[in-house]
Amino acid sequence: RAGVLQREHELDVTLHRRHRALDVSIRITFAQFVGSGNRLVPIERSEATDALLRDVCELRGLRWLALNGTNITDSGLEAVVDLPRLERLWLSHTPIGDSGMEYVSQMPGLRQLFLDATEVTDAGLARLATLPRLQLLSLIYLPVTDAGVRRLRALSNMQSLMLDSTRISDDGLSHLSGLKDLETLSL
């Protein structure tokens, strides 16, 4: 199912999956492959589906997973919950919404989460308050408001927060005053 070739911190894997009578082949490059632990899987192809994601999640050592611009759905994220070492997750420019945040909230080791230009709203942000290790959160181009930002104050380890092109007012920013480790705030 997967052929592996390792070269100086790179691992190329080609996954082949038969789906709806079409052969879908996606080449995945693991940048910064370290030892026996898989670090990064960028899957930035629009033809990537939930079925492919389930196959990728068989690589249990994944630490970084980039799903930018894919067709992964909220229910497809259920497979990602089973990645015990996952630290960084890119979901930008996907149809992921509030329901998907239920699965994301079950990833206690997550340190960085990118949700730019997704369908996540204030309701989805409320679920993220359960991520104790989250240090970076990017919410660029989301319809989140002051009410959603209020929920983020529970993320005590937050160091970087990107809120560009959101609906957050000056009053909403006052809810972030309790984030003592916050070093970067992008508006």
Side-chain angles (χ1 to χ4, degrees), residues 11 13 15 26 28 30-45 48-142 144 148-163 166 176 179 181-184:
L11 178 68
V13 176
L15 294 177
I26 294 183
I28 299 171
F30 293 84
Q32 301 180 15
F33 181 81
V34 176
S36 62
N38 305 325
R39 296 276 306 226
L40 174 65
V41 179
I43 304 175
E44 299 190 33
R45 303 259 181 122
T49 62
D50 293 348
L52 176 65
L53 182 58
R54 283 190 294 276
D55 287 345
V56 169
C57 288
E58 289 178 19
L59 301 168
R60 307 277 296 153
L62 287 177
R63 291 186 187 173
W64 302 353
L65 180 58
L67 299 169
N68 301 329
T70 65
N71 292 320
I72 304 302
T73 66
D74 290 333
S75 61
L77 289 177
E78 183 175 12
V80 180
V81 172
D82 294 328
L83 295 174
R85 298 176 66 198
L86 192 66
E87 296 175 355
R88 298 179 186 177
L89 180 60
W90 287 266
L91 297 172
S92 300
H93 302 281
T94 63
I96 299 297
D98 295 338
S99 298
M101 295 306 97
E102 180 60 35
Y103 297 113
V104 172
S105 71
Q106 297 174 44
M107 302 175 195
L110 207 57
R111 294 179 186 266
Q112 296 184 1
L113 179 60
F114 299 84
L115 297 172
D116 307 335
T118 60
E119 302 298 320
V120 177
T121 68
D122 293 340
L125 290 186
R127 293 183 171 135
L128 300 182
T130 63
L131 296 172
R133 300 177 117 191
L134 199 60
Q135 297 172 336
L136 181 147
L137 181 60
S138 187
L139 305 173
I140 299 170
Y141 297 115
L142 291 189
V144 296
V149 170
R150 186 177 310 122
R151 307 291 177 99
L152 299 180
R153 63 182 170 201
L155 300 172
S156 59
N157 289 314
M158 186 62 58
Q159 296 173 359
S160 297
L161 184 58
M162 279 69 92
L163 300 172
T166 60
L176 302 177
L179 299 178
D181 292 339
L182 192 64
E183 298 171 355
T184 305

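These numbers were taken from a predicted model, which means no experiment stands behind them.
For the atom pair CE of M162 and CG of L142, the computed distance is 12.0 Å after rounding to the nearest 0.5 Å. Atom OG of S156 and atom CG of L182 lie 12.0 Å apart (nearest 0.5 Å). Note that the CG atom of D74 and the CE atom of M101 stand 7.0 Å from one another [nearest 0.5 Å]. In this structure, the separation between CZ on R85 and CG on L59 is 12.0 Å, given to the nearest 0.5 Å. Taking CG of L136 as the reference point, atom CE of M158 lies at 7.0 Å (rounded to 0.5 Å).
Counting heavy-atom neighbours within 6.0 Å of R111 CZ, excluding the residue itself, gives a total above 12. Annotation for Q159: atom CD counts as buried by contact number, over 12 foreign heavy atoms lying within 6.0 Å.
Under the 30°/60° scheme for interplanar angles, the aromatic rings of W90 and F114 are found to lie parallel.
At distances below 3.5 Å, not a single donor-acceptor pair connects side-chain atoms of D181 with backbone N or O atoms of N157. Proximity of a side-chain donor or acceptor of D116 to a complementary backbone N or O of I140 within less than 3.5 Å is detected. Listed for the D50 side chain is no donor-acceptor partner under 3.5 Å among the backbone atoms of S75.
Nearest heavy-atom pair across T94 and I72 is CB-O, 4.4 Å. Shown here for T121 and V144, the closest heavy-atom pair between the two residues is C-CG1, 4.0 Å. Counting all heavy atoms, side chain and backbone alike, L89 lies closest to L67 at CD1-CD1, 4.3 Å. When all heavy atoms of M107 and L77 are compared, the closest pair comes out as CE-O, 4.4 Å. Taking all atoms of both residues into account, the shortest heavy-atom contact from L179 to R153 is CD2-O, 3.7 Å. Considering all non-hydrogen atoms of both residues, R151 and A126 come closest at NH1-CB, 2.7 Å.
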If you apply the rule side-chain contact (heavy atoms from CB on, under 4.5 Å), what do you find for V56 with L65, and how did you get there? CA-CA 9 Å; V56 169; L65 180 58; 4.2 Å; yes
Show your reasoning for whether side-chain contact (heavy atoms from CB on, under 4.5 Å) applies to L131 and L137. CA-CA 11 Å; L131 296 172; L137 181 60; over 6 Å; no
Any chance you could lay out the side-chain contact (heavy atoms from CB on, under 4.5 Å) test for V104 and L115, step after step, and finish with the verdict? CA-CA 11 Å; V104 172; L115 297 172; 5.7 Å; no
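Residue pairs that meet the side chain to side chain donor-acceptor pair (under 3.5 Å) test with at least one member in residues 99-108, sequence neighbours left out, are E102-R127.
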